[in-house]
Amino acid sequence: MPGGNEPRSYYVGMDVGTGSVRAALVDQRGTLLAFADQPINQWEPQFNHHEQSSEDIWAACCVVSKKVVQGVNLHQIRGLGFDATCSLVVLDKQFRPLPVNPEGDSRRNIIMWLDHRAVSQVHRINETKHSVLQYVGGVMSVEMQAPKLLWLKENLRETCWDKAGHFFDLPDFLSWKATGVTARSLCSLVCKWTYSAEKGWDDSFWKMVGLEDLVTDNYSKIGNQVLPPGASLGSGLTPEAAKDLGLPPGIAVAASLIDAHAGGLGVIGADVKGHGLACEGQPVTSRLAVICGTSSCHMGISKNPIFVPGVWGPYFSAMVPGFWLNEGGQSVTGKLIDHMVQGHAAFPELQAKATARGQSVYAYLNSHLDLIKKAQPVGFLTVDLHVWPDFHGNRSPLADLTLKGMVTGLKLSQDLDDLAILYLATVQAIAFGTRLIIEAMESAGHSISTLFLCGGLSKNPLFVQMHADITGLPVVLSQEVESVLVGAAVLGACASGDFASVQEAMAKMSKVGKVVFPRHEDKRYYDKKYQVFLKLVEHQKEYAAIMKGD
């Protein structure tokens with residue numbers, strides 16, 4: 001390990017994503033010293049039903065944890081922080097897994113975040129127009145927990161609902177598994193469960209939607225002790241969990257975060273001095289963190305609550321303590337790019353050529369676009385190919401699950417050039433979706449001058465440049481690409497007491513790597529494409545109206 005005079009403190013950050021568990025060993029300066037990842041199982045027993053196993057996920061956590069601390073003096077490891085997708089974990093009264101499926105397979109005891117089985121339930125919840133819905137942009141998403149709980153009650157009453165003792169958000173399940181403490185993180189409960197940081201649970205909501213049984217025992221099944229992210233849990237890591245994870249017993253374990261929020265925490269506090277950015281002299285509220293992986297989340301914070309139609313929040317202290325969070329999002333981004341590219345007739349050729357060159361398919365596509373653009377800017381290749389990206393409905397700012405994807409401008413050819421241009425048009429559509437979210441946030445009262453990108457897609461230079469060009473805002477990339485893991489480690493650092501606050505840890509542990517500025521000379525072209533983008537959804541709604549008409 002790199003030397004130095006001061007004794008180094010290490011923190012383990014653990015991130016449970018959609019398809020894998022990732023861990024990192026991070027020091028007090030936010031430098032990533034070791035990294036490991038391990039795939040996790042997913043089941044899709046039927047369309048829109050997505051399930052995982054909490055035992056499988058914990059086993060993967062144990063594998064990666066042991067890998068990242070190999071060869072390290074364990075006495076220097078001071079804290080552990082978890083983040084995860086906001087999937088729903090169901091356990092019985094003895095903390096054993098319960099099936100979330102009609103097949104009765106109790107190994108599959110997690111309804112994943114992207115599961116859309118509870119469409120009729122969320123529709124009924126939204127029809128109540130209950131006041132808690134104000135804090136989720138006016139309309140609850142099918143990806144939140146209340147509709148999923150209602151689905152379980154209505155569909156698996158005997159095998160699951162009646163036997164259930166604990167419903168955890170996945171980040172809270174992990175911190176319970178590590179400490180034996182059932183306290184929940186304010187982040188999960190506020191963002192996905194309708195909890196209010198000021199008022200707590202609202203009995204009238206649960207009764208109105210038909211989940212009055214959760215109110216009994218003072219909400220013990222869904223959480224009645226709530227802590228801010230980064231707070232230290234119980235007596236730290238239990239001897240049993242320490243043995244599983246290969247970590248010292250008793251080290252501090254932090255109240256957790258949802259994965260996207262950990263990414264926001266890992267990037268939004270970076271010191272930007274000397275980069276010529278407008279946000280340098282501005283409060284942190286002028287920054288928008290965009291965490292882009294399988295899906296994308298847009299995290300903006302404010303001193304006072306701002307209500308943005310179709311954007312989740314305002315959530316008090318759900319990411320940065322003391323600030324209100326608004327969270328925009330796109331349900332599929334990385335997943336959509338994969339879908340478009342892999343489904344194209346030229347994909348096998350692309351795969352073969354990329355492999356021969358030792359490149360990823362996306363690195364190959366980016367260089368292929370540079371080849372075919374000739375003298376014009378690369379973005380201009382899509383002058384007559386336009387994509388509306390809501391293949392999995394719209395999360396923000398339209399909050400409309402019924403919307404579909406659209407592509408206009410298709411030709412009869414199916415070669416590599418066509419594939420590359422369709423890929424480009426898809427990336428641009430995602431960036432236009434971000435622009436639409438920013439406009440909604442700004443018209444409600446946010447003032448955003450800089451984007452801070454992290455997550456898997458931020459490693460793709462085309463994706464980054466298109467976000468800068470299409471929003472007209474500079475994009476800051478972190479020195480550590482794995483910002484989500486840095487965010488998880490920040491939690492562990494806070495819990496250890498080595499930093500006085502989340503804000504202090506965030507400022508010391510996140511660093512600017514690269515700044516990408518927009519090409520302002522291309523603005524007029526993208527403004528025109530944006531007009532087409534907005535027309536696409538307008539037309540889609542018109543088509544639906546025609547088909548519904550008599």
Side-chain angles (χ1 to χ4, degrees), residues 290 292 296 330 332-354 356-357 359-391 405-436 451 453 456-475 516-537 539-540:
V290 186
C292 25
S296 290
Q330 294 162 293
V332 286
T333 46
K335 199 174 169 70
L336 176 65
I337 296 169
D338 290 345
H339 174 80
M340 297 295 257
V341 169
Q342 292 168 11
H344 195 280
F347 180 64
E349 181 195 346
L350 166 66
Q351 248 184 327
K353 287 187 163 162
R357 210 186 272 178
Q359 278 183 321
S360 77
V361 287
Y362 297 115
Y364 189 94
L365 283 170
N366 292 349
S367 56
H368 191 77
L369 285 166
D370 280 337
L371 203 69
I372 60 178
K373 72 177 170 64
K374 312 240 170 12
Q376 60 180 347
V378 73
F380 288 33
L381 285 167
T382 56
V383 66
D384 51 9
L385 185 70
H386 309 281
V387 173
W388 178 265
D390 290 332
F391 284 53
M406 301 169 80
V407 184
T408 168
L410 296 169
K411 303 198 300 277
L412 209 49
S413 57
Q414 286 187 312
D415 60 16
L416 202 50
D417 290 6
D418 290 297
L419 169 49
I421 294 167
L422 180 65
Y423 154 71
L424 171 64
T426 306
V427 169
Q428 289 173 336
I430 292 164
F432 283 122
T434 293
R435 176 166 165 175
L436 187 60
L451 302 183
L453 252 63
L457 292 175
S458 69
K459 299 172 195 173
N460 181 335
L462 180 78
F463 186 89
V464 174
Q465 189 66 55
M466 286 301 135
H467 273 72
D469 293 351
I470 284 167
T471 61
L473 299 174
V475 174
V516 176
F517 289 94
R519 292 169 46 97
H520 289 299
E521 62 273 27
D522 300 345
K523 182 181 183 311
R524 204 166 156 266
Y525 171 78
Y526 289 115
D527 285 348
K528 288 194 286 191
K529 268 196 74 90
Y530 186 56
Q531 281 179 293
V532 175
F533 182 78
L534 297 176
K535 276 271 188 267
L536 285 171
V537 71
H539 290 167
Q540 182 175 155

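Index from 1, following the sequence.
Expressed to the nearest 0.5 Å, how far OH of Y423 lies from CZ of F463 amounts to 9.5 Å. To the nearest 0.5 Å, atom CG of residue D338 and atom OG1 of residue T333 are 9.5 Å apart. Atom CG of L336 is separated from atom OG of S296 by 10.5 Å, given to the nearest 0.5 angstrom.
In this structure, Y526 has no side-chain hydrogen bond (donor to acceptor under 3.5 Å, both in side chains) partners at least two apart in sequence or on a different chain. Here K523 pairs with D527 under the salt bridge (charged side-chain N to carboxylate O under 4.0 Å, His left out) rule; sequence neighbours left out. Residues meeting the side-chain hydrogen bond (donor to acceptor under 3.5 Å, both in side chains) test with T471, sequence neighbours left out: none. Evaluation of the salt bridge (charged side-chain N to carboxylate O under 4.0 Å, His left out) rule for R357 yields no partner, not counting sequence neighbours. Residues passing the side chain to side chain contact (heavy atoms under 4.5 Å, CB included) test with K535 are E538, H539, sequence neighbours excluded. Every residue meeting the side chain to side chain contact (heavy atoms under 4.5 Å, CB included) condition with K529, not counting sequence neighbours, appears here in chain and number order: T382, H386, Q428, F432, Y525. D469 is linked by a side-chain hydrogen bond (donor to acceptor under 3.5 Å, both in side chains) to Q465, counting only residues two or more places apart in sequence or in another chain. Residues passing the side-chain hydrogen bond (donor to acceptor under 3.5 Å, both in side chains) test with S458: none are found, sequence neighbours excluded. Residues passing the side chain to side chain contact (heavy atoms under 4.5 Å, CB included) test with P377, sequence neighbours excluded: F380, R519, D522.
A heavy-atom distance below 4.5 Å is found between the side chains of P461 and N366. At least one side-chain heavy atom of I337 sits under 4.5 Å from a side-chain heavy atom of L457. L436 places a side-chain heavy atom less than 4.5 Å from the side chain of L534. When side chains are defined from C-beta on, V378 counts as touching M466, because their heavy atoms get closer than 4.5 Å. Counting only heavy atoms from C-beta outward, the side chains of F391 and M340 approach each other to under 4.5 Å. Side-chain contact between Y362 and L462 is absent, with no heavy-atom pair separated by less than 4.5 Å. Counting heavy atoms from C-beta outward, V383 and K528 have side chains that stay 4.5 Å or more apart. Put simply, the side chain of L416 reaches to within 4.5 Å of the side chain of Y364, judged on heavy atoms.
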### Task
Carefully, step by step, assess I421 and I372 under the rule side chain to side chain contact (heavy atoms under 4.5 Å, CB included).
CA-CA 10 Å; I421 294 167; I372 60 178; 4.1 Å; yes
### Message
Pair H467, C292 - check side chain to side chain contact (heavy atoms under 4.5 Å, CB included), show working.
### Response
CA-CA 11 Å; H467 273 72; C292 25; over 6 Å; no
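Taking both residues in full, the closest heavy atoms of G409 and L385 are given as O-CD1, 3.5 Å, listed atom of the first, atom of the second, then distance. In this structure, S367 and Q359 approach most closely via the heavy-atom pair OG-OE1, 4.2 Å. Nearest heavy atom pair, residue P518 against residue A468, reads CB-O, 3.2 Å. For the residue pair P389 and F533, the shortest heavy atom distance occurs at CD-CE1, 3.5 Å. Scanning both residues, V387 and A429, for their nearest heavy atoms gives O-CB, 3.2 Å.
No side-chain donor-acceptor contact under 3.5 Å links Q540 to the backbone of M406.
Sorted by first and then second residue, the pairs that involve residues 410-419 and meet salt bridge (charged side-chain N to carboxylate O under 4.0 Å, His left out), not counting sequence neighbours, are K411-D418. Among residue pairs with one or both ends in residues 339-349, those qualifying as side chain to side chain donor-acceptor pair (under 3.5 Å) are E349-K353; sequence neighbours excluded. Note on residues 360-385: no pairs pass salt bridge (charged side-chain N to carboxylate O under 4.0 Å, His left out), not counting sequence neighbours.
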